Amino acid sequence: MHTQTVSTDTARYARTIEASKRIRWDIDRDVIRGRRFDFAHTFLPDGLSLADELTFLEADERRLLSQVQGRTYANMFALVERFIGAKMLELSRDHSLGDQTALEAVVRVTDEELKHQELFRRIEHLIADGMAPGYRFDVNPNDVAAFVLGKCHWAVMALTCHIELFSQAHYRASIDTADGLSPLFKDVFLFHWKEESQHAIVDEMEWVRADAGLATLAERDAAVDDLIALVQGVDGILQAQAAADAAYFATTANIGSEAHRADVHATVLKAYRWQYIMSGAMHPRFQQVLASLVDGAQMRRIQEALAPLAHAVPRRAGVVQAMTTVH
C-alpha cells in the first residue's frame, strides 16, 4: 500500500496541533493531584456498566460492580493505546519527508498516547490499593498489538477511529453527566477526552488516506475482512475479561446463587460489548465515514459480523440516543 502520494489536508492537521498545544495537561499536576480513589463512589456509570439491569443487587453491590468495570475500563484503554501509539509512529514515516504539519500532528498523537498509557498504569495501581485481591487483567498488550498491527493500514485505522470516537461519546454522554461518580475517576476521563477529541480527527484523516491507497475492489474486500477479524479479536478479549470480572465480583460480593452469578456474567459481557464494540459501531461519524469508503456489499458483510452482538445495545432508548448522537 502506497499512501505517501495521497494529498493531505494541512489546515485540518494544523487545527489539531493548535488544540493539542492549548489543552496540554500533566498527569500529576492536572489529573491525579495527589488524590486517591474513594470507594464510597461509583466509578463507571450505569449507562456504560449496565449494573442497574441487575435488579437483585443492592446499592453497594452495584457500586462495587461499577468499580470492577471501571478498573477494566482503564486497563482496556491502556491496552489499545499500546497499538495505537505504535501505529501512529509507523504512519509518521509517511509524512517525514512530506507535509511537516501532518507529521507534527501524528507525532503529537503518538506522544499523547504514551502519556495516556502511563496515566492508566498509574490508575491501575491506585485502584488496586483499595480493592480486594483477586482481580485479573491478563491480556498482554504487546501480543494484542502484534495481532492488530498485522492487519492492513485501512483496518487498523478503522478500528482506531472507532475506539477514539466511542471514548468521546462515553465521556460526554455518560461519564460527564452522571451523578455520584468518583471525582478522580471523572477527571481521568475528562482529561483523556480532551486529547482524544483531536486524535479522532487525525485517525479519520489517516483512515481516508489509507483508503486512497487501495487500488482494487479485491484490496478493499481484504481490508474489510481484516476489520471484521479485528472486531472478532476484540470480542474474544471481552469474553475472557467478562468471565474474569464477573467471577471476581461474584466472589467479592458473596453472590451465592448460581442463577444470579450467571446473570452477572451475561450482563458484564453485554456491557463490554456495548462499551467497546457497539457504541462505536453505532456512532454517527463512524457510520458516515465507513459508508463513504465501502460499497453496499461490503457494508452488509460488516453489519452481518456485528449482528450477533446487537443484543448488547441497552434496552433503554435514552441511553442509546445519547451515546450515539454525541459528536
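Here the structure is a predicted model, which is why all the values come from computation and not from measurement.
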CG-OG distance between L44 and S66, expressed to the nearest 0.5 angstrom: 7.0 Å
Rounded to the nearest 0.5 Å, what's the gap from CD on E118 to CG on L114? Could you check? 9.5 Å
About how many Å separate OG1 of T101 and NE2 of H95, when rounded to the nearest 0.5 Å? 10.5 Å
Taking atom types as modelled and ignoring hydrogens, do the side chains of H170 and S279 form a donor-acceptor contact shorter than 3.5 angstrom? yes
K115 and D26 ion-paired at < 4.0 Å: no
Nearest heavy-atom approach of I175 to K186 is O-CE, 3.2 Å
I'd like to know if the side chain of Q275 pairs up with that of Q69 as donor and acceptor (distance under 3.5 Å, no hydrogens or angles considered). yes
Without hydrogens or angle criteria, can the side chains of Q168 and H283 be said to hold a donor-acceptor pair below 3.5 Å? no
Side-chain touch V268/V264, heavy atoms, less than 4.5 angstrom: yes
Euclidean distance, E104 CD relative to D99 CG, rounded to 0.5 Å: 10.5 Å
Are I201 and M205 close enough that some pair of their side-chain heavy atoms sits under 4.5 Å apart? yes
Would you call E18-R22 a salt bridge at under 4.0 Å N-O? yes
Start with the C-alpha distance between H41 and F185, add both sets of side-chain angles, then the distance that settles ring-ring contact (aromatic ring centres under 6.0 Å, His included), and finish with yes or no. CA-CA 9 Å; H41 290 109; F185 191 87; over 10 Å; no
Using modelled atom types only, decide if a donor and an acceptor are shared between the side chain of T42 and the backbone of P45 within a distance under 3.5 Å. no
Taking NZ, NE, NH1 and NH2 as the nitrogens, is one of them in D187 or R33 under 4.0 Å from a carboxylate oxygen of the other? yes
Once rounded to the nearest 0.5 Å, what's the spacing between atom CG of L89 and atom OG1 of T110? 5.5 Å
Short side-chain to backbone donor-acceptor contact, Q100 and S96, under 3.5 Å: yes
With a 3.5 Å distance limit and no angle check, can you tell me whether T251 reaches the backbone of Y248 through a side-chain donor-acceptor pair? no
Criterion side-chain contact (heavy atoms from CB on, under 4.5 Å) on R301 and V294, from CA distance to verdict: CA-CA 10 Å; R301 285 204 290 126; V294 299; over 6 Å; no
Would you say the side chain of V202 lies within less than 4.5 Å of the side chain of R12, judging by non-hydrogen atoms? no
Residue pair D245, Y272: steps toward the side-chain hydrogen bond (donor to acceptor under 3.5 Å, both in side chains) verdict: CA-CA 11 Å; D245 287 355; Y272 288 175; 2.5 Å; yes
CA sep, side-chain torsions, deciding dist, call: H116, E196, side-chain contact (heavy atoms from CB on, under 4.5 Å): CA-CA 10 Å; H116 296 176; E196 292 295 305; 3.1 Å; yes
side-chain contact (heavy atoms from CB on, under 4.5 Å) between H162 and V231, intermediate numbers included: CA-CA 11 Å; H162 162 274; V231 171; over 6 Å; no
Dump the intermediate steps for side-chain contact (heavy atoms from CB on, under 4.5 Å) on I32 and R122, then the final yes or no. CA-CA 9 Å; I32 297 180; R122 298 273 299 277; 3.6 Å; yes
Expected output: side-chain E53 to main-chain L50 donor-acceptor under 3.5 Å: no
Do you know which two heavy atoms are closest between V107 and S92, and how far apart they sit? CG2-CB, 4.2 Å
Are W274 and L309 side-chain neighbours, meaning at least one heavy-atom pair lies under 4.5 Å? no
Side chains of Q303 and R300: is there a donor and an acceptor less than 3.5 Å apart? no
V234, V148: one ILVMFWY side-chain cluster at the under-4.5 Å cut-off? yes
Are R108 and S20 linked by a side-chain donor-acceptor pair shorter than 3.5 Å? yes
Using the ring pair (Phe, Tyr, Trp, His ring centres under 6.0 Å) rule, pick out the option among Y73, Y171, F43 that qualifies with F189. Y73
Would you mind checking if R273 and D235 are paired as a salt bridge, meaning a charged N to carboxylate O distance below 4.0 Å? yes
Are V109 and L149 linked, directly or through other ILVMFWY residues, by side chains that come within less than 4.5 angstrom of each other? yes
Relative to each other, are the rings of W207 and F286 parallel, tilted or perpendicular (30° and 60° limits)? parallel
Rounded to the nearest 0.5 angstrom, the NE2-OG1 distance for H153 and T160 is 12.0 Å
Salt bridge D111-R24, side-chain N to carboxylate O under 4.0 Å: yes
Please tell me if the side chains of F77 and Q117 come closer than 4.5 Å, counting only heavy atoms from C-beta onward. no
Examine distances only and state if a side-chain atom of Q298 and a backbone atom of D295 form a donor-acceptor pair shorter than 3.5 Å. yes
Do I123 and L190 belong to the same hydrophobic cluster, where Ile, Leu, Val, Met, Phe, Trp and Tyr are linked whenever their side-chain heavy atoms lie under 4.5 Å apart, directly or via other members? yes
Check: L165 and E204 side chains under 4.5 Å, non-hydrogen atoms: no
Would you say W154 and V224 make side-chain contact, with heavy atoms under 4.5 Å? yes
Residue pair G213 / E219: nearest heavy atoms and the distance that separates them: O-OE1, 4.1 Å
Would you call R209-E206 a salt bridge at under 4.0 Å N-O? yes
Can you see which heavy atom on D226 is nearest to which on C152, and at what distance? OD2-N, 3.0 Å
So does P284 get a backbone contact from the side chain of Q288, meaning a donor-acceptor N/O pair under 3.5 Å? no
Minimal non-hydrogen separation, F39 against M131, with atom names: CE2-CG, 3.3 Å
Over all heavy atoms of both residues, which pair between R62 and L57 is shortest? Give the atoms and the distance, please. NH1-O, 2.8 Å
Keeping the roles fixed (side chain from E113, backbone from E81), state whether a donor-acceptor pair exists under 3.5 Å. no
Between H265 and A242 (side chain of the first, backbone of the second, donor and acceptor by atom type, cut-off under 3.5 Å), is there such a pair? no
Please examine the side chains of M76 and F137, heavy atoms only from C-beta on, and report whether any two atoms are closer than 4.5 Å. yes
side-chain hydrogen bond (donor to acceptor under 3.5 Å, both in side chains) contacts touching residues 129-144 (sequence neighbours left out): R36-D129, T72-Y135, N75-Y135, R82-N142, R136-D138
